[in-house]
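Here the structure is laid out as C-alpha cells; the discussion comes afterwards.
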2 protein chains.
Amino acid sequence: MTENANDPRIVRTMHMLREALLELMEEQGFERITVKDITSKAGLNRGTFYLHYTDKFDLLDRITEEMMQGLREIAQTFDPLDLVLHESQDTPFPFSVRLFEYFGEHARFFSVMLGPKGDPAFSSKFKEFMQVHLLDKFNEFHHSEDRVPVPWDYLMAYLISAHLGIVQHWLEQGRDHTPWEMALMFTRMTQLSPIQSAGLKK
Amino acid sequence: MTENANDPRIVRTMHMLREALLELMEEQGFERITVKDITSKAGLNRGTFYLHYTDKFDLLDRITEEMMQGLREIAQTFDPLDLVLHESQDTPFPFSVRLFEYFGEHARFFSVMLGPKGDPAFSSKFKEFMQVHLLDKFNEFHHSEDRVPVPWDYLMAYLISAHLGIVQHWLEQGRDHTPWEMALMFTRMTQLSPIQSAGLKK
DNA sequence: TCCTAAAATGAACTTTGTGTTGATTAATAA
DNA sequence: TTATTAATCAACACAAAGTTCATTTTAGGA
C-alpha cells in the first residue's frame with residue numbers, strides 16, 4: 001500500500017473510491033460489488049485501486065475505522081454526571097444530541113451499513129461501542145442483588161439493541177426529526193416503560 | 001432445478017449442502033464463501049450443487065424460507081387475548097415460550113444468521129415478521145393522540161429491535177436460560193421501564 | 001520555468017471461481 | 001434384475017481478481 005502522504009492525487013483517488021463504494025452499496029449491497037464496478041464508477045483505472053487497497057473488504061474496513069474514530073471522539077466528551085443534571089427535566093442529554101448530529105452528517109454511510117444491505121459485523125461493532133463507552137459507566141449502580149427482575153447482561157442487550165433500532169429507523173425515514181428531538185426520545189424511553197411511552201398508561 | 005422428489009439421495013445431498021453452508025458461515029461469513037468451498041466441505045462434486053441450486057444465494061434463500069415458514073406457523077397460534085389473561089400475573093406468554101423453543105431447536109441457523117457473520121437482510125425479515133404478526137395486532141390501542149411521549153413508529157422500532165437483541169444475546173450466550181425464563185424476561189421488560197428492570201426503582 | 005519523484009494509466013498475463021455440457025458410474029425403487 | 005435418475009468426472013468458455021511493467025501525467029521544489 002501507500003505511505004499515507006498528503007499528495008493531493010492520493011487524497012482525491014481514495015476519496016473517489018470511497019464515494020463510489022458507498023454509492024454502489026446503496027444500489028446493490030456490498031456482496032455483489034466487484035473491484036471493477038468500483039473503479040469504473042469512480043472513473044479510475046482498475047490497477048489504481050490496488051495501489052491503495054488490497055481488496056474491497058480492505059476499502060470498507062478503512063472507511064469503517066474512520067467512522068468509528070469519529071464516534072470515539074464524541075464519546076470522550078460523555079460525562080455520566082450529565083445524566084444526573086438532566087434526569088427529571090424533560091430534556092435530552094447533550095451528548096446524545098451530538099451523536100445524532102454525527103449520524104446525520106454521515107447518513108449515507110450509516111444508513112447503508114446499518115440497513116438490510118449492510119454489514120452485520122458493523123452493527124456488532126457499534127453495539128460494542130455503546131456498551132464500552134456508555135453503559136459500562138453505570139456498572140457502579142449495579143450491585144448484583146440477585147433479586148433483580150431481569151439479569152444485567154440481558155438488560156444491556158435490550159437497551160443497546162433498542163437504541164440501535166431507533167437510529168436505524170430514523171435513518172430509514174430520511175431523518176424526519178432533528179437530532180435534538182431524537183435524543184429526547186432516547187431519554188424518555190429509558191425513563192418510561194414501553195406501555196407508558198405509548199401513552200397507554202401514566 | 002430438481003422436482004423435489006423424496007429420493008433419499010436428493011434429501012441427503014441437500015442436507016449436506018445446507019450444513020456445509022452454515023458451518024462455513026460460522027467460520028468466515030457468507031460473503032467470502034464460494035460454491036467450491038461449500039461442495040468440498042460437504043464432500044460433494046461441484047457440479048452436484050448446480051443440480052439443486054442456482055448459486056449460493058439461492059441456497060441461503062431456501063434455508064431462510066424454511067425457517068420463516070416455521071415462524072409463521074407458530075405465529076398463527078398467537079392470540080392477543082393471551083395478553084389480557086397474563087397481564088398482571090408474572091408469567092410468560094405461552095406463545096413467546098413456543099418461539100424461544102423454536103429458536104433453540106434451530107440454534108445453529110439463528111445464531112449464525114442473526115450474528116455478526118450473518119445476513120442483515122435476515123434481521124430485517126425477522127423484524128418485519130414481528131411487526132406484522134405481533135405488534136400490528138395492537139394497533140387498536142393506538143388512537144394517535146398526538147400528545148404521546150414517543151411517536152408510534154419509533155416505539156415499534158424500539159421494541160422490535162430490543163426483543164431481537166434479547167434473542168441474539170441468548171443465542172450468543174449458548175442459551176443459558178430456558179425458553180420459559182426468556183419469555184418471562186420479555187414480558188417483564190415490556191411492562192417495566194429499563195430503570196425498573198434493573199431493579200434500581202420500584 | 002524546468003526537473004524529478006511518484007501517482008495514474010494501459011495492456012498483458014496468471015490464477016481462481018462460475019456456470020454449463022456430455023459421457024460415465026452408482027444408487028434407488030419397482 | 002432392470003429402468004431411472006442422481007452423482008461424478010473432465011472439459012469448456014467466461015468473468016473478475018490480482019500482478020507486473022512500461023508509459024504518461026501530475027505535483028511541487030529548485
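Bear in mind the structure is a predicted one, so any value in this text is a computation, not a measurement. Below, chains carry the letters A, B, ... as their sequence lines are ordered, and counting in each starts from 1.
The nearest whole Å value for the distance from the CZ atom in A/Phe57 to the C1' atom in D/dA17 is 12 Å. Here D/dT5 presents its P atom at 17 Å from CE of B/Met14, a figure rounded to the nearest Å. Rounded to whole Å, the distance from NZ on B/Lys56 to P on C/dG17 is 12 Å. The separation between A/Leu44 atom CG and D/dT25 atom P is 16 Å, rounded to whole Å. Going from atom CG of A/Asp7 over to atom C1' of D/dA27 covers 6 Å, rounded to whole Å. To the nearest angstrom, P of D/dA16 lies 15 Å from CD of A/Glu31. The nearest whole Å value for the distance from the CZ atom in B/Arg32 to the P atom in C/dT16 is 16 Å. With rounding to whole Å, A/Lys41 atom NZ is found 19 Å from D/dA16 atom C1'.
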Discussion item. Walk me through whether A/Asp61 and A/Thr64 qualify under side chain to side chain donor-acceptor pair (under 3.5 Å).
Written reply: CA-CA 5 Å; A/Asp61 284 348; A/Thr64 299; 5.3 Å; no
Discussion item. B/Phe100 vs B/Trp170, test: ring pair (Phe, Tyr, Trp, His ring centres under 6.0 Å). Steps then yes/no.
Written reply: CA-CA 10 Å; B/Phe100 273 100; B/Trp170 183 58; 5.1 Å; yes
Worksheet item: Does the pair B/Tyr53 and B/Phe49 meet the rule for a ring pair (Phe, Tyr, Trp, His ring centres under 6.0 Å), with working shown?
Response: CA-CA 6 Å; B/Tyr53 305 102; B/Phe49 180 93; 5.7 Å; yes
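Within the structure, a side-chain polar atom (N or O) of B/His52 is placed less than 4.0 Å from OP1 or OP2 of D/dA7. Contact annotation: A/Thr13 side-chain N/O to C/dA8 OP1/OP2 distance is under 4.0 Å.
Closest-nucleotide positions on DNA chain C for A/Gly47 and B/Ile33 were compared, and the one nearer the 5' end corresponds to A/Gly47. Nearest-nucleotide mapping onto DNA chain C: of B/Arg12 and B/Thr34, the residue sitting toward the 5' end is B/Thr34.
The aromatic rings of A/His106 and A/Phe110 sit perpendicular to each other, their planes meeting at more than 60°, with 30° as the lower class boundary. Using a 30° and 60° split on the angle between ring planes, B/Phe95 and B/Phe78 fall in the tilted class, from 30° to 60°.
In this structure, the nucleotide among C/dA8, D/dC9, C/dG17 sitting nearest to the side chain of B/Asn45 is D/dC9. Checking C/dA7, D/dA6, C/dT9 against the side-chain heavy atoms of A/Ile10 singles out C/dA7 as nearest. Taking the side chain of B/Val35 as heavy atoms from C-beta on, and the options C/dT18, C/dT9, D/dG28, the nearest nucleotide is C/dT18. The listed nucleotides are D/dA27, D/dA7, C/dA12; the one nearest the side chain of B/Thr48 is D/dA7. Out of D/dG18, C/dA8, D/dA27, the shortest distance to the side chain of A/Asp55 is found at D/dG18. The listed nucleotides are C/dG19, D/dA27, C/dT28; the one nearest the side chain of A/Arg9 is D/dA27. Nearest to the side chain of A/Leu51, among D/dA16, C/dT9, C/dT18, sits C/dT9.
A rotation axis mapping the C1' atoms of four pairs onto the next four is fitted at both ends of the helix from C/dT1-D/dA30 to C/dA30-D/dT1 over five pairs, and the angle between these axes is 30° to 10 degrees.
One finds the NZ atom of A/Lys56 at 4.0 Å from the CD atom of B/Glu31 (value rounded to the nearest 0.5 Å).
Counting distance only, with no hydrogens placed and no angle test, the side-chain atoms of A/Arg46 and the base atoms of D/dG18 include a donor-acceptor pair under 3.5 Å.
With salt bridges taken as basic N to acidic carboxylate O contacts below 4.0 Å, one links A/Arg72 and A/Glu65.
Considering only heavy atoms from C-beta on, B/Leu21 comes within 4.5 Å of B/Phe30 through its side chain.
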